[in-house]
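Heads up, the thing below is written out as structure tokens.
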Amino acid sequence: SLGRAGMRDLAGARLVITAGPTHEAIDPVRYLANASTGKMGYAIAAVAAARGAQVTLVSGPTSLCAPAGVRRTDVVSAAQMHAAAHAAFEDADAAVCCAAVADYTPAAPADHKLKKSAEPLHALELVQTADILADLCARKGDRVVVGFAAETDDLLAHASQKLRSKGADLIVANDVSRADSTFGSDTSRVALVSASGVEQHETLPLAQVADLVCDRVRDLLGARA
Ligand code: CTP
Ligand code: CA
């Protein structure tokens, strides 16, 4: 079963969840991407909906089906995800930014398929994408915003830094150098990092991690009701 047995403790809460990777076009048939499968974000969407939340899932390209009771908005690029997340945030109570958003996008994607030539390709010019999480935090008011941090080194230091620099209420820190906690895994070992400190959890199935995140969202929403 999904979500803490029988709980409807998110009833009425409107959540925006970003999930999956983004694809940044190089030309009409090629793109830059990353190893995100979307499993974590979809698990949070499924559990939040099962606990009564009204969920808008802003999803990059994944092979997953929309969980029951979840409204999904499909996007491809970081720019599209930014626009969709901000539009949905307008009428939301909380946002959970779980997506592995590309940090860079090709500066000038070609409108035709690039041909190989005898010359080596020395560089692809990239520009930085907008930070969806930081921009949501900048306009959050009394809404709740949760971010993720996937790191291979200095996990807690980077996560605390992200909590401060982005202005989020909570960062879910995940050590992706571990086989039981990396992209594509059905389990994750997370630390919940907030102003009240660090709560380290053991390796858990994603549905249980989703329950932990939903517990925190409920508590944070309750604290400002
Ligand atoms: N994020 C986002 N938009 C971006 C980049 C990141 O919303 N353009 C969000 C992610 O969804 C995640 C959090 O920011 O919730 C942290 O992402 P991460 O990639 O770990 O951090 P960055 O700030 O991008 O820094 P770096 O990749 O250098 O660690
Ligand atoms: Ca990043």
Side-chain angles (χ1 to χ4, degrees), residues 15-25 31-45 48 55-62 73 75-90 92 94-107 126-140 143-178 181-185 188-194 198 206 209-210 212-214 216-217 220:
L15 261 59
V16 184
I17 300 171
T18 69
T22 65
H23 288 182
E24 308 302 320
Y31 54 82
L32 298 176
N34 60 63
S36 170
T37 60
K39 283 180 185 175
M40 184 72 259
Y42 277 61
I44 295 169
V55 179
T56 302
L57 178 60
V58 179
S59 177
T62 74
T73 302
V75 297
V76 176
S77 66
Q80 290 170 358
M81 185 175 280
H82 191 282
H86 276 262
F89 194 59
E90 202 67 52
V96 179
C97 293
C98 197
V101 186
D103 292 326
Y104 296 94
T105 194
L126 303 176
V127 292
Q128 219 171 97
T129 58
D131 191 318
I132 301 166
L133 172 60
D135 289 350
L136 291 178
C137 288
R139 58 178 278 234
K140 83 186 186 65
R143 287 170 286 196
V144 168
V145 180
V146 176
F148 274 68
E151 312 282 352
T152 58
D153 308 282
D154 303 323
L155 176 65
L156 294 181
H158 282 131
S160 319
Q161 169 63 26
K162 280 172 185 165
L163 182 75
R164 281 193 302 276
S165 67
K166 302 197 187 235
D169 296 293
L170 173 71
I171 293 287
V172 183
N174 174 14
D175 182 351
V176 290
S177 70
R178 295 171 58 104
S181 199
T182 195
F183 289 120
S185 175
S188 185
R189 184 175 184 275
V190 300
L192 303 182
V193 180
S194 68
V198 177
L206 293 185
V209 176
L212 293 173
V213 174
C214 287
R216 287 299 189 99
V217 169
L220 286 160

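Just so it is clear, the structure is predicted and the values come from calculations on it, not from any experiment. If you read the sequence from its start, that first residue is 1, and numbering goes on from there. Counting starts at 1 for both ligands and their atoms, following the listed order.
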Original post:
Should the pair Lys166-Asp131 be classified as a salt bridge under the 4.0 Å nitrogen-to-oxygen rule?
Top reply: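 Counted as a salt bridge, because a side-chain N and a carboxylate O are separated by less than 4.0 Å.
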
**OP:** State plainly whether the residues Lys140 and Asp169 are in salt-bridge range, i.e. N to O under 4.0 Å.
**Re:**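 Salt bridge: yes.
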
Is it true that the side chains of [X] and [Y] contain a donor and an acceptor less than 3.5 Å apart?
X	Y	answer
His82	Asp135	yes
Asn34	Ser36	no
Thr62	Tyr42	yes

Is the closest heavy atom of [X] to ligand 1 under 4.0 Å?
X	result
Ala134	no
Lys166	yes
Asp131	yes

Subject >> Nearest neighbour in protein (non-hydrogen) for atom 27 (O) of ligand 1 >> reply: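 Protein heavy atom at minimum distance: Asp103 OD2, 3.1 Å.
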
**OP:** Among all protein heavy atoms, pick the one closest to atom 17 (O) of ligand 1 and tell me residue, atom and distance.
**Re:**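 Residue, atom and distance for the closest contact: Phe148 O, 3.8 Å.
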
Taking only heavy atoms of [X], which atoms of ligand 1 are found under 4.0 Å from at least one of them?
X	answer
Gly147	15 (O)
Leu133	2 (C), 7 (O), 9 (C), 13 (C), 14 (O), 15 (O)
Thr129	8 (N)
Ile132	2 (C), 3 (N), 4 (C), 7 (O)
Ala99	10 (C), 11 (O)
Cys97	11 (O), 12 (C), 15 (O)

Original post:
Taking the six-membered ring of Phe89, is the NZ or CZ of Arg139 close enough (under 6.0 Å from the centre) and on axis enough (within 45°)?
Top reply: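 Pair Arg139/Phe89 does not count as cation-pi.
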
**OP:** Just let me know how Ala130 lines up against ligand 1, side chain, backbone, both or neither, with a heavy-atom cut-off below 4.0 Å.
**Re:**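 Near ligand 1, Ala130 shows its backbone, while the atoms from C-beta on stay back.
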
Original post:
Does ligand 1 have a heavy atom under 4.0 Å from the side chain of Thr18, from its backbone, from both, or from neither?
Top reply: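 No part of Thr18 comes within reach of ligand 1.
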
Original post:
Can you check whether a protein heavy atom sits less than 4.0 angstrom from atom 25 (O) of ligand 1?
Top reply: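 Neighbour list for atom 25 (O) of ligand 1 includes protein heavy atoms (cut-off 4.0 Å).
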
Original post:
Taking all atoms of both residues into account, what is the closest heavy-atom pair of Gly41 and Ala19, and its distance?
Top reply: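 Looking at all heavy atoms of both residues, the closest pair is CA-CB, 3.8 Å.
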
Subject >> Minimum-distance pair of heavy atoms, taken over all atoms of Ser185 and Lys39 >> reply: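 Residues Ser185 and Lys39, closest heavy atoms: O-CD, 3.9 Å.
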
Subject >> Check against side-chain hydrogen bond (donor to acceptor under 3.5 Å, both in side chains), Ser181 and Asp175 >> reply: CA-CA 6 Å; Ser181 199; Asp175 182 351; over 6 Å; no

Subject >> Closest to atom 29 (O) of ligand 1 among Lys162, His158, Glu151 (heavy-atom distance) >> reply: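 Shortest heavy-atom distance from atom 29 (O) of ligand 1: Lys162.
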
Subject >> Minimum side-chain heavy-atom gap Ile132-Met81 below 4.5 Å >> reply: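 Yes; the side chains approach each other to less than 4.5 Å.
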
